[in-house]
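Notes follow the structure.
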Protein chains: 2
Amino acid sequence: MSEVEPRAEVEPRTEAGDVLTEVIMRTFRLYGGFLEAAEVMTKPVGLTAAWWQVLGAVLREPLPVSGIAREMSLTRQSVQRIADLLVEKGLAEYLPNPAHKRAKLFRPTAAGYQAVSSLAQAQHAFTNRISAQVDVDDLRTTLKVMERLVKALDADEWPPQDT
Amino acid sequence: MSEVEPRAEVEPRTEAGDVLTEVIMRTFRLYGGFLEAAEVMTKPVGLTAAWWQVLGAVLREPLPVSGIAREMSLTRQSVQRIADLLVEKGLAEYLPNPAHKRAKLFRPTAAGYQAVSSLAQAQHAFTNRISAQVDVDDLRTTLKVMERLVKALDADEWPPQDT
DNA sequence: CAACACTTGACAGTGTGCTGTCAAAATGAC
DNA sequence: GTCATTTTGACAGCACACTGTCAAGTGTTG
């Protein structure tokens, strides 16, 4: 066929690539929609989506702030701010950490547990309601594809070609 | 069957609901991943993901800031800030609007067009690369499901039951 | 034309996440 | 035990999107 032209090489847009572009746009819309739904759910309980997430990370066992950040791949600083707010609102508390003098353990209070468990209710109602409107097998396929995509993205540190 | 117990009614967690919960978590991860990819792509061009989005909205025809905001369901204020920055960087400009004295028309400059078109290249390379790692039919199914979910979310303004 | 409602840009403030820097505490190597 | 490295919390600053308020401009209606 024709020779390679290394400079003017125009990327040819595959069909799969076009579908993925559409998927990406839906991902953004869904992200917004799910976030909004989370805010609707959390409002009556007096939380925000972010607080819910942080509180949810320490339901099973207390963790230092930096540990929470690591577990959900956020920065210490973001989690710290929210954790302080949660303590201020009485939904969580800091415990002395026998293993580390600075890194106090973070844990929900009774009020915190109660808020989260009532949110779990709302969340199940929500996911049941929405998922009832799609084919379950297709939904499983979707989950499988999304897992593949997450993996592909993680592996795609955009290796600068052949270096 | 058993009578209705309107108060203590515990939501029973359907299987589809559980799958959707997983899908939601992947949605958040993918959102983060795609956003990061966009930032990697835009950095060499001197843009950010948000700037790209705003610039992309006026490729075909100039629009006032409020029109852009409306088209991409953002607030006027967010778009205004970015539009001002883009003008400051010489990537876009304001034109007098014959139809409205205050609402100037926003449009990319030649430099802006060039930046966006080079980004289109990078974006195609990216989507081709990633989409090659999943089954195309499954990807189409995913798109279909996501469209259904977007629709379901939009319709789910959480109508307070029967009011 | 006058009075009204709506749109628009400007300005101020909030929430969420990020990066960067610093010092104290903990850890690991020697 | 000592010293360099890493982890951690605290503090400061930035990007992005939001809400709310105000005045100027536009349009609609009587």
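Throughout, a chain's letter reflects where its sequence line sits, starting with A, and its residues are numbered from 1. Only a predicted model underlies this, so the values are computations on that prediction, with no experimental measurement involved.
Spacing between atom CD1 of B:Ile68 and atom P of D:dC16 amounts to 15 Å, rounded to whole angstrom units. Across the protein-nucleic acid pair, A:Tyr31 atom OH and D:dC18 atom P stand 12 Å apart, rounded to whole Å. In this structure, the CD atom of A:Glu36 is 17 Å from the C1' atom of C:dT16, given to the nearest Å. A straight line from CG of B:Asn97 to P of C:dT7 spans 16 Å, rounded to a whole angstrom. To the nearest angstrom, P of C:dT14 lies 13 Å from CZ of A:Arg81. For the pair B:Leu55 CG and D:dC16 P, the interatomic distance rounds to 13 Å; values are reported in whole Å. Atom CZ of A:Phe28 and atom P of D:dC16 are 13 Å apart (whole Å). One atom, CD of B:Glu39, and another, P of C:dC18, lie 11 Å apart when rounded to the nearest Å.
Clustering ILVMFWY residues whenever any of their side-chain heavy atoms sit less than 4.5 angstrom apart, transitively, puts A:Met25 in a cluster other than the one holding B:Met41. Transitive grouping of hydrophobic side chains (ILVMFWY, heavy atoms separated by less than 4.5 Å) brings B:Tyr31 and A:Leu153 into a common cluster.
No side-chain donor-acceptor contact under 3.5 Å links A:Asp138 and B:Thr141.
Along DNA chain C, the nucleotide closest to A:Ala99 and the one closest to A:Val79 are compared, and the more 5′ of them pairs with A:Val79.
Ring pair A:Phe34/A:Phe126 is perpendicular by interplanar angle, where above 60° counts as perpendicular and below 30° as parallel.
The ring pair (Phe, Tyr, Trp, His ring centres under 6.0 Å) pairs that include a residue from residues 129-152 of chain B number zero, where partners must be two or more places apart or lie in different chains.
For A:Gln114, the CD atom is loosely surrounded, since the number of other residues' heavy atoms within 6.0 Å does not exceed 12.
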When the side chains of residues 90-108 of chain B are checked against the rest of the protein, which donor-acceptor pairs come out under 3.5 Å, sequence neighbours left out?
from, atom 1, to, atom 2, distance (Å)
B:Glu93, OE2, B:Arg107, NE, 3.2
B:Glu93, OE2, B:Arg107, NH2, 2.9
B:Tyr94, OH, B:Gln80, NE2, 3.3
B:Tyr94, OH, B:Asp84, OD1, 2.7
B:Asn97, OD1, B:Ala99, N, 2.9
B:Asn97, ND2, B:Ala103, O, 2.9
B:His100, ND1, B:Arg102, N, 3.2
B:His100, ND1, B:Ala103, N, 3.1

Got a list of protein N/O to nucleotides 8-10 of chain C N/O distances below 3.5 Å?
from, atom 1, to, atom 2, distance (Å)
C:dT8, OP2, B:Arg70, NH1, 2.6
C:dT8, O5', B:Ser66, OG, 3.1
C:dT8, O2, B:Arg102, NH1, 2.9
C:dG9, OP2, B:Ser66, N, 3.3
C:dG9, N7, B:Arg76, NH1, 2.0
C:dG9, O6, B:Arg76, NH1, 3.3
C:dA10, OP2, B:Gln80, NE2, 3.4

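Regarding contacts with the backbone of C:dT16, every side-chain N or O of A:Ser78 stays at 4.0 angstrom or more from both OP1 and OP2. Distances shorter than 4.0 Å separate some side-chain N or O of B:Trp51 from OP1 or OP2 on D:dC16. Look at B:Thr75 and you won't find any side-chain N or O under 4.0 angstrom from OP1 or OP2 of D:dT19. Taking only side-chain nitrogens and oxygens, A:Thr48 comes nearer than 4.0 Å to OP1 or OP2 of C:dT16.
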